[in-house]
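Residue numbers start from 1 in every chain, and the chains themselves are labelled A, B, ... in the order their sequence lines are given, proteins ahead of strands.
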Amino acid sequence: MIRIRAPQEIAAGLFLIALASFVFWQTDDLTVGTMRALGPGMMPRALATACGLCGGALVILSFLKDGASLEHWSIRGPLFILGAAIVFGLAIRPLGLFVAGPAAVIIGSLAARDSRFVESILFAAVMTTFCWLLFKVLLSLPIPVAPWLLGY
Amino acid sequence: MKQALAVVAVATATLTAATAATSTARAQNYPTRPITMIVPFAAGGPTDVTARIVGENMSKTLAQQIVIENVTGAGGTTGITRGAQAAPNGYTIMMGHMGTHGAAPALYPKLRYDPTKDFEPVGMAAGTPILIVARKDYPAKDLKEFIAVLKTQQDKANEAHAGVGSVSFTTCTMFNVMIGVKPTRVPYTGTGPVINDMIAGKVDYACDQIVNLVPQIQAGNIRAYAIATPERSPALPEVPTTKEAGLPDYQVSAWNAVFAPKNTPKPVVEKLNAALVKALDDPGTRKRLLDLGGVLPEGEARTSAWLGEYVAQEVARWTPILKAGGAVQADSG
Amino acid sequence: MDSFIGNLELGFSTALSLQNIALCFAGCLIGTLVGILPGVGPIATIAILLPLTFQVDPIGALIMLAGIYYGAQYGGSTTAILVNIPGEATSVVTTLDGHQMARNGRAGIALGIAAIGSFFAGTVATLVIAALGVPLTRLALVFGPAEYFSLMVLGLAFAVVLARGSILRAGAVIFIGLLLATVGTDLQTGDERLTLGMVDLMDGIDFAVLAMGLFGFAEILRNLDNPETRDVVQAKIGKLLPSKADFKQAALPVVRGTLLGGALGILPGNGAVLGPFASYTLEKKISRTPRRFGNGAIEGVAGLESANNAGAQTAFIPLLTLGIPPNAVMALMVGAMTIHGIIPGPQVMTKTPGLFWGMIASMWLGNLMLLIINLPLIGLWVRLLKVPYRLMFPAILLFCCIGIYSINNDPSDVLLTAFFGFAGYAFYRFGFEPAPLLLGFVLGKLMEEKLRQALILSRGDFGTFVTSPVSAGLLLLAVLVIVVAIIPTVRKGREEAFQE
């Protein structure tokens, strides 16, 4: 009975192989060229091949040596943190810092189990004001503040 | 129900009238807050420097700060796309250039704007002449000899450029096509490395803007064969013009001009044009632009109408040249 | 020798005017701040503050702008040590041992050694520029595409040594970094590579976007998964300044780092980025206890901070002597000089000696000021670590978002960072470390560019990499470095085989 002795290794290896395949698929239309005249496709494909080989090696090793087990992926963290960043990105130009900032802070703080709601809101207000002072007033970076309210 | 409709109708009419009134009123009071000028190239480069010099003076005339925003990418087209899609209220303008409003349609098949249709031209700012330069010990005394040597060398000659879509790339494509030479083109990222390797003698020649080259030529690190303008530049008086040196058809300048998004109200465009012309007349601003080797527009060339026609001419000029030079990408998806 | 002292006198008399001291201080302060803030970098700041300098004379303006640049190096290390987020490409390696030192309660010591080591490096670099500026420029001209490529290969060899885990995994991650560097528009043909049709990827992936995602966001996700370890970190504060024993350990690495970083900073095309990597690898290899590296070894911080700062200063050499900017920040300085009516070039030194020597003198002053600014701040930073994590991480999140947006005023950059944040978390689950990836990414762009340029110039002849003595030497060194790195693993493998 073949047993996977290092689940993390095989996961990593399969990921690399998947990545390599993806690159090969995406660079299908690029000329590879020859060793004498490198084309645009040469480097990405060569590197993808290297990645794929490493992936293959990891997969093989995962059957031969003991290794770490694959830990469980949490959903809460990535969802709220990355979600907060995405919301910020989508909101910053139309709605400005005064909306995107608090949104990012409040949504982000939901990622921690010990966050308190009222505290987050207060903190969001404080942080947004601080960021406004720092980035907009002091460093004069062209960040939209509240286009729907102030016009800039 | 009828009452509700009436209320809505009155409200809409009032709002429309109010917006119309305020927008004309706004045009008269324009500008009431800082104006953003998008520069589609990295800070510190010739277009950026021109924009800052001109913008500083325009800020004084308009009594509002002109804030430069660098949005780089794809040979300048990313920034111009952003500018073209901005609200046409006069608070976003952009510094376009020979590449973004002349060569871009030929170089980028998926271009998301039309230089002749999607903008209100404001006015020409300044142009930087192009120089034909080579490494200092290249075996040719003058332009005629240089062209003769290149014709025999063909792909043995190494021409350096700052990347597909850059000024050095498009202008040298034109040069190569004009003299009938197909050199080996060596791509670099930016003018700095090009100059570096030329000083070190690793590449043979290039066509680039005068700004970057003046000190190197004056110090004798690089040699200049000709300048592609009708008159010699005061910064480099010993360099002959292409007319004098035997290639009169090669007239190129990397021009920089101010544009506003299409449908920007006429009074706003006129105010901007007036401020731009005032900047070009200001002795301090003129001096700084001329010190860079810039060529300033005079008379009719300062009007918005002239710029509109010029852009159309440039687009018509560059498309066949770039196609002939093999610079146009095949439609790859 | 007379003229050397005379020049220094001229320099200091220019730099010590009340106005110039104030401008230098302002620049350093802003630079430190900018370095600390993730995403916001010296390029954006210098570009924004440029109009403010119009009121001032050129020398004063350049002094302030230069202060922003090398001040940012100091600040970038602070975030790297405290929160494992590299502010600049040069601070990536600082995260390895610097942050571990913070986790061991030695944050103050790490920050202190970083500041003091940087000051020493700055002083030496200033002297070097003053004495050897011109001859050193000629060194830069020796490096053509072939030599550069070999230097990059050597850099990759360093990256393999840098890795903490298995070499196979490190290699894979480096390859991924190199792969990410190919995303964008092809140099020669203009074809789009791996851009997935997105306009924002047409110019490639921004370093800050990758770093913030892989380090910043992923780090937050990691900490949220392990609440026990992060609370322990906050409990320990420890001493604030390095002890005598710490100094003794750090002294030689500082000297070595200064020399390495200073030498690499001169090379055009961002050679300065290699300085910290080279220093870290060197220290790890010659140390008698290499196991400590990656777990908070002070040599791992001291050496590379000095390399960092020395590189930042010597990067001014090609700018001031030849007028050719070695990296993007210097290109901006070229613009600044041009706007002020000074065309940078070989004659700047002879035509405006006040500018040249004044800048050099003020660079040393700036280093002194940065030391004075940063040392007292250490207490503040360390206390900041005590803030409960549930408040700290949303703050870091917000700073990162704003910082990333401000690079190109492009919201898609923020979205892309979120993607890399997820990728970083995935890497963590797969057991990959992100630092070698960033190194691969930084080197990858330059490497491919130089490889193709070299082959174009040699018409496809690979011999060009060995016919040049400099290039051959560097390649040989790279091979040696990799062999030396692999030997212990091979030996261990054989031992295990024998035991069974």
Side-chain angles (χ1 to χ4, degrees), chain B residues 42-46 48-49 52-53 55-56 59 65 67-75 78 81-82 107-108 112 156 158 163-165 184-193 195-197 199-203 211-212 214-216 218-221 235 287-288 291-292 327 329-330 332-333, chain C residues 43-44 46-48 50-51 54 140-146 185-192 197 199-200 202-204 268-269 318 322-348 408-410 445-446 449 452-453 456-457 459:
Chain B
D48 177 73
V49 168
R52 286 177 195 275
I53 294 179
E56 192 205 343
S59 302
Q65 182 69 21
V67 177
I68 305 280
E69 201 179 300
N70 298 86
V71 184
T72 61
T78 312
T81 310
R82 173 92 71 91
L107 287 174
Y108 301 100
R112 299 208 284 199
K156 288 209 201 58
N158 294 318
V164 175
T184 304
R185 308 193 80 175
V186 189
Y188 285 83
T189 44
T191 343
I195 299 179
N196 200 54
D197 274 9
I199 296 181
K202 301 222 180 336
V203 287
V211 188
N212 311 315
V214 166
Q216 305 304 336
Q218 285 173 342
N221 289 334
K287 178 170 188 312
R288 277 148 108 202
D291 279 344
L292 292 177
Q329 301 171 43
S332 48
Chain C
I43 298 183
I46 295 178
I48 306 250
L50 206 46
F54 287 154
L141 289 178
V142 168
F143 269 73
T185 313
D186 182 66
L187 194 61
Q188 219 181 336
T189 60
D191 289 330
E192 291 185 27
V199 185
D200 309 290
M202 265 175 77
D203 263 338
L322 260 189
I324 301 180
N327 60 37
V329 183
M330 292 298 135
L332 192 46
M333 297 290 282
V334 167
M337 288 170 86
T338 321
I339 293 184
H340 280 275
I342 302 174
I343 314 288
Q347 290 119 326
V348 162
N408 240 337
N409 297 306
D410 188 357
K445 278 192 149 70
L446 259 177
E449 180 193 332
R452 288 166 76 171
Q453 281 168 1
I456 292 176
L457 284 171
R459 306 293 188 273

Pair B:Val186-C:Leu457, side-chain contact (heavy atoms from CB on, under 4.5 Å): steps then yes or no: CA-CA 7 Å; B:Val186 189; C:Leu457 284 171; 3.9 Å; yes
Derivation of the side-chain contact (heavy atoms from CB on, under 4.5 Å) call for B:Asn158 and C:Arg459: CA-CA 10 Å; B:Asn158 294 318; C:Arg459 306 293 188 273; 3.0 Å; yes
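Residue B:Thr191 does not touch chain C at all, counting heavy-atom pairs closer than 4.5 Å. Heavy-atom distances place no part of C:Ala336 under 4.5 Å from chain B, backbone and side chain included.
Across every non-hydrogen atom of B:Lys202 and C:Gly144, the tightest pair is CE-CA, 3.3 Å. Residues B:Asp197 and C:Phe143 share a closest heavy-atom pair of OD1-O, 4.4 Å. Scanning all heavy atoms of the two residues, the minimum distance from B:Pro215 to C:Pro344 falls at CG-O, 3.0 Å.
At a threshold of 4.5 Å between non-hydrogen side-chain atoms, the residues C:Asp410 and B:Val71 do not count as touching.
With hydrogens and angles disregarded, a donor-acceptor distance shorter than 3.5 Å links the side chain of C:Gln453 to the backbone of B:Pro187.
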